[in-house]
Amino acid sequence: MFRILEKRVLNPEVKLLVIDAPLIAKKALPGQFIILRIDEAGERIPLTVADYDREKGTVTIIFQEVGKTTRQLGALEAGDSLLNFVGPLGQPSHLDGLKRAAVIGGGLGTAIAYPQAKYLHEHGTQVDVITGFRNKGLIILEEELRQHCNRLIVTTDDGSNGNKGFVTDALKGLIEEGNHYDMVIAIGPMIMMKFVCALTKPYGIKTIISMNPIMIDGTGMCGGCRVTVGGETKFACVDGPDFDGHLVGFDEAMRRSAMYRDQERQSMEHACRLMREE
Ligand SMILES: Cc1cc2nc3c(=O)[nH]c(=O)nc-3n(C[C@H](O)[C@H](O)[C@H](O)COP(=O)(O)OP(=O)(O)OC[C@H]3O[C@@H](n4cnc5c(N)ncnc54)[C@H](O)[C@@H]3O)c2cc1C
Ligand code: FES
């Protein structure tokens, strides 16, 4: 069993849990993820390693409550335990040797981009971070990111934080001001990553994105997480989740990620019915 040591509510939809998992904390690197199961009857869900503390033996996960399992996870408290917590899985991000990088986080993607920004900054890269949210109330990790970058720009779709616009507007502004980036790392909704890639391609800026297709085993066996990259089939769980965004088939990936919407809705309705009956 894996004990929850700390719980924080980052915004009404997003929670942070610190888990006692020393073996994973010892090996984890930015870009990697874990697969957890809450209990015997639970489904397996992948979540990114948002942070780790090798000395304390802890791993931090940050998740948005979007369906049955993430809601159940969000209802747990410090002192509760998870049945399975497996990892680190996937390939670590290739972040060494960069002089200057822009890290982009869209919504919850900010939590996944955070360890990348932190690692780059700690290893001497000059890092500009741009994060984007629907509104001010959904902004997460602003103070944490500020400590791990040279410049932080936070945008909101509705302008409620005083900076209206999309992350792509802010990135375009920085590029056109003459800032030269060795790499852009963009993590967030698929549509956001697609538009960041469309922006950076004509400038020839290498752009890495993190794919989050449906994953089942997380070990390359089931084929559920396949994505097309440069015309080849790749498995996000073992070949990724980071890929060269200019080579990713986003339209196919978006179609595949919507395949189980009916089943996910039914599962959520069933869980809500059970909770009401309890
Ligand atoms: C490598 C990777 C890293 C991720 N990291 C994070 C993270 O740090 N924080 C976070 O909030 N979310 C993350 N996700 C997405 C997270 O796994 C899903 O939100 C979660 O599985 C939803 O489960 P649910 O039962 O609550 O919702 P459901 O109602 O089952 O699904 C809601 C949506 O979540 C996605 N999803 C559902 N099941 C899976 C699955 N087995 N694998 C992948 N996606 C699924 C689908 O897009 C689906 O439409 C990550 C996904 C991947 C693949
Ligand atoms: S999750 Fe099964 S092959 Fe990747």
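Side-chain atoms are counted along with the backbone in the values below, which use heavy atoms only and exclude waters and symmetry mates. Remember, it's 1-based here, ligands and their atoms both numbered in the order they're listed.
Within the 4.0 Å heavy-atom shell around ligand 1 one finds Pro213. Look at Arg44 and you'll find a heavy atom under 4.0 Å from some atom of ligand 1.
Between Arg71 and ligand 1, no pair of N/O atoms sits closer than 3.5 Å. Taking distance alone, with nitrogen or oxygen atoms compared against 3.5 Å, Asn212 stays at or beyond that limit from ligand 1. For Met215, a nitrogen or oxygen atom sits less than 3.5 Å from a nitrogen or oxygen atom of ligand 1, counting backbone and side chain alike. On a distance-only criterion, Ile214 and ligand 1 share no N/O pair closer than 3.5 Å.
With 3.5 Å as the limit, one finds no donor-acceptor pair spanning the side chains of Thr110 and Thr131.
For Met211 against Ala236, the heavy-atom pair with the smallest separation is CB-CB, 4.5 Å. Across all their heavy atoms, Gly31 and Ser93 have their closest contact at CA-OG, 3.3 Å. Across Leu83 and Glu40, no two heavy atoms sit closer than the pair CD2-N, 3.5 Å. The two residues Leu95 and Pro30 come nearest to each other via the heavy atoms CD1-CB, 4.1 Å. Among all heavy-atom pairs drawn from Asp182 and Leu98, the shortest one is OD2-C, 3.6 Å. For Gly220 against Val238, the heavy-atom pair with the smallest separation is N-CG1, 3.8 Å.
For the residues Cys237, Pro46, Gly109, the heavy atom positioned nearest atom 17 (O) of ligand 1 is part of Pro46. Of all the listed residues (Asp217, Leu47, Leu36), Leu47 holds the heavy atom that lies closest to atom 6 (C) of ligand 1.
The salt bridge (Lys or Arg N to Asp or Glu O under 4.0 Å) test applied to Glu55 returns no partner, not counting sequence neighbours.
Inter-residue side-chain proximity for Ile153 and Leu174 is flagged as met; some heavy-atom pair is nearer than 4.5 Å. Phe33 places a side-chain heavy atom less than 4.5 Å from the side chain of Cys237. Side-chain contact check for Ile62 versus Val14: some heavy-atom pair is nearer than 4.5 Å. Residues Ile35 and Ile45 form no side-chain contact, since every pair of their non-hydrogen atoms from C-beta on lies 4.5 Å or further apart.
Taking the six-membered ring where the residue is Trp, His148 and Tyr114 present perpendicular rings, their angle passing 60° and hence far from 30°.
Under a 4.0 Å criterion applied to the non-hydrogen atoms of Phe63, ligand 1 contributes the atoms 9 (N), 10 (C), 11 (O). The atoms of ligand 1 that sit less than 4.0 Å from any heavy atom of Val66 are 19 (O), 22 (C), 27 (O), 32 (C). Residue Glu43 has at least one heavy-atom neighbour below 4.0 Å for each of these atoms of ligand 1: 24 (P), 25 (O), 30 (O). Within ligand 1, counting atoms from 1 as listed, the ones closer than 4.0 Å to a heavy atom of Thr69 are 24 (P), 25 (O), 26 (O). Close approach of ligand 1 to Thr70 is summarised as follows: ligand atoms under 4.0 Å from at least one heavy atom of the residue are 24 (P), 26 (O). Each of the atoms 21 (O), 23 (O) of ligand 1 lies under 4.0 Å from some heavy atom of Ile45.
In Lys172, the NZ atom is not crowded: 12 or fewer heavy atoms of neighbouring residues, nucleotides or ligands sit closer than 6.0 Å.
No part of Glu65 comes within 4.0 Å of ligand 1, judged by heavy-atom distances. By the criterion of a heavy-atom distance under 4.0 Å, the backbone of Ile62, and not its side chain, is placed next to ligand 1.
Atom 4 (Fe) of ligand 2 has Cys225 SG, Cys237 SG as protein N, O or S atoms under 2.8 Å away.
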